[in-house]
Structure formats: structure tokens, C-alpha cells
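A quick write-up on the structure given underneath.
Only a predicted model underlies this, so the values are computations on that prediction, with no experimental measurement involved.
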Amino acid sequence: QVQLVESGGGLAQPGGSLRLSCAASGSILSINDMGWYRQAPGKQRELVARITNSGSANYADSVKGRFTISRDNAKNTVYLQMNSLKPEDTAVYYCNADLWPNYANKPYDFWGQGTQVTVSS
């Protein structure tokens with residue numbers, strides 16, 4: 001009924017760029033915060049960046065100045081522009097949304113299926 005679908009992952013060289021997209025679809029009443037998390041092999045999932053529905057963003061220290069999160073509320077889509085990529089950015093990236101389905105009485109956390117980002121020469 002509600003889906004978050006990510007796209008844009010892949011292989012990049014160190015210093016390169018990738019842009020991730022995540023579109024929410026289905027029975028949506030409203031969306032509050034949206035964000036990106038990542039999980040590297042053997043590590044816990046960590047916050048990369050989050051953005052409110054008014055456009056206020058916060059970032060993990062490790063990506064500040066390199067990554068930019070943005071969203072298009074009309075399209076229920078959040079983006080992550082990743083520049084100056086490093087090998088340590090290699091991980092599965094997950095989209096997250098604090099989303100209120102029209103069949104529920106409160107917002108819930110929804111997750112995408114994840115997209116692999118590999119930074120390697």
C-alpha cells in the first residue's frame with residue numbers, strides 16, 4: 001500500500017559522484033521527515049542525512065560538505081547527491097520516511113529496499 005523505491009546506486013571511483021533517488025508511492029496522507037541511512041558490511045545502520053518537509057537538513061559529520069539531501073514534496077521524492085566519494089562510503093543505502101498512510105491514525109516509519117553504492121578504483 002505504501003512503497004519507497006530507491007534508484008541511482010552503483011559503482012563510482014574515488015572522488016566521483018552519484019545521485020540517489022527515493023520515491024514514495026501508494027496510500028499517502030502526508031510525509032514528515034525523509035532521510036537516507038547506510039549500512040556497511042559488519043557495521044550498524046547509520047544516519048547519513050535527513051530533511052524535514054520544510055527543507056531543513058542535517059548530516060552525519062562524515063558526509064558534511066560532500067553530500068546534499070533534497071526533496072520534491074510534489075513528487076514525494078527525496079534525493080541524495082553524493083560528491084567526492086570515498087571508499088568508506090561503500091554501503092547499502094536505505095531511504096526512510098516518517099509517513100502517514102491514509103489508512104492509519106498516525107505516522108509510521110517506512111523503509112526502502114536499499115541500493116548498493118560501491119566506491120572503488
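Not counting sequence neighbours, the partners of Lys64 by the salt bridge (Lys or Arg N to Asp or Glu O under 4.0 Å) test are Asp61. With sequence neighbours excluded, no residue forms a side-chain hydrogen bond (donor to acceptor under 3.5 Å, both in side chains) with Gln3. For Ser30, there are no side-chain hydrogen bond (donor to acceptor under 3.5 Å, both in side chains) partners two or more places apart in sequence or in a different chain. Contacts of Tyr37 classified as ring pair (Phe, Tyr, Trp, His ring centres under 6.0 Å), with partners at least two apart in sequence or in another chain: Trp111. With sequence neighbours excluded, the residues that form a side-chain hydrogen bond (donor to acceptor under 3.5 Å, both in side chains) with Asn73 are Arg71.
Judged as a salt bridge (Lys or Arg N to Asp or Glu O under 4.0 Å), not a single pair has a partner in residues 94-110 (not counting sequence neighbours). Pairs of residues two or more places apart, or lying in two chains, that qualify as salt bridge (Lys or Arg N to Asp or Glu O under 4.0 Å) and include a residue from residues 87-96 are Arg38-Asp89, Arg66-Asp89. For the salt bridge (Lys or Arg N to Asp or Glu O under 4.0 Å) condition, no pair includes a residue of residues 112-121, sequence neighbours left out. Residue pairs meeting the disulfide bond (SG atoms under 2.5 Å apart) criterion with at least one partner in residues 70-121, sequence neighbours excluded, are Cys22-Cys95. Counting only residues at least two apart or in different chains, ring-ring contact (aromatic ring centres under 6.0 Å, His included) contacts with residues 76-107 are absent. Pairs of residues two or more places apart, or lying in two chains, that qualify as salt bridge (Lys or Arg N to Asp or Glu O under 4.0 Å) and include a residue from residues 12-36 are Asp33-Arg50.
Leu47 and Val63 fall into different hydrophobic clusters, defined by Ile, Leu, Val, Met, Phe, Trp and Tyr side-chain heavy atoms under 4.5 Å apart, directly or through other members. One hydrophobic cluster, built from ILVMFWY side chains closer than 4.5 Å, cannot hold both Leu20 and Val92; they sit in different ones.
For the pair Pro101 and Phe110, the minimum side-chain heavy-atom distance is below 4.5 Å. Between Ile31 and Asn76, the closest side-chain pair of non-hydrogen atoms falls below 4.5 Å. Side-chain contact between Asn96 and Trp36 is absent, with no heavy atoms from C-beta onward closer than 4.5 Å.
Side-chain contact, Ser17 with Asn83: a donor N or O sits under 3.5 Å from an acceptor N or O. In the model, Ser54 has a side-chain atom that pairs as donor or acceptor with a side-chain atom of Thr52 under 3.5 Å.
Listed here is the closest heavy atom pair of Ala24 and Leu4: CB-CD2, 3.3 Å. Nearest heavy-atom pair across Ala49 and Leu80 is CB-CD1, 4.4 Å. Across all their heavy atoms, Ile51 and Ser70 have their closest contact at CD1-CA, 3.9 Å.
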Can you give each donor-acceptor pair under 3.5 Å made by side-chain atoms of residues 114-121, sequence neighbours left out, with the distance rounded to 0.1 Å?
unit_1, atom_1, unit_2, atom_2, d
Thr115, OG1, Gly9, N, 3.4
Gln116, NE2, Ala91, O, 3.4
Gln116, NE2, Thr118, OG1, 3.3

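With values rounded to the nearest 0.5 angstrom, Leu85 atom CG is found 10.5 Å from Leu11 atom CG. Rounded to the nearest 0.5 angstrom, Asn102 CG and Ile28 CD1 are separated by 9.0 Å.
Between the side chain of Thr77 and the main chain of Lys75, a donor-acceptor pair closer than 3.5 Å is present.
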